[in-house]
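This report concerns only the one structure given below.
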Amino acid sequence: GYTLIETNHKNVLAAVSPMNDEYVIALLNTNSENQDFNIDLSKLGSMKNIACWRTSETEDCSPIASPTLKNNELRAIYMPSAIGNNLYFQ
């Protein structure tokens, strides 16, 4: 199965596939306001494709626009009480 990756953030869970060709990052916002996430992905290599989904009070794993990825840094804003699931393919 997938191997967990250290994120140094209590609301971020990350894992890599057995073939090291796919990364999964789950972001959790438990705040009552939007939360910004800036995550350094430079140690993972370059990313070519991104697919994102969000689960919240009104969404059930709904596809959403991909967050900004610039210079291997993920920048995403998540609404209150939301979980964002992001898949990254090398």
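All values reported here derive from a predicted model rather than from experimental measurement.
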Nearest-0.5 Å distance that lies between atom [atom1] in [X] and atom [atom2] in [Y]:
{"X": "Glu33", "Y": "Asp36", "atom1": "CD", "atom2": "CG", "value": "11.0 Å"}
{"X": "Glu59", "Y": "Trp53", "atom1": "CD", "atom2": "CH2", "value": "14.0 Å"}
{"X": "Leu27", "Y": "Arg54", "atom1": "CG", "atom2": "CZ", "value": "11.0 Å"}

Main-chain N/O of Asn31 paired with Asn29 side-chain donor or acceptor, under 3.5 Å: yes
Thr55 (side chain) donor-acceptor with Cys61 (main chain) under 3.5 angstrom: yes
Would you mind reporting whether [Y] and [X] have side-chain heavy atoms less than 4.5 Å apart?
{"X": "Phe37", "Y": "Val12", "answer": "yes"}
{"X": "Tyr2", "Y": "Pro18", "answer": "yes"}
{"X": "Glu73", "Y": "Asn38", "answer": "yes"}

Shared hydrophobic cluster for Ile39 and Leu13 (ILVMFWY, side-chain gaps under 4.5 Å): no
Hphob cluster co-occupancy, Ile25 + Met79, side-chain heavy atoms under 4.5 angstrom: no
Heavy-atom closest pair, residues Pro80 and Ser32: CG-O, 3.3 Å
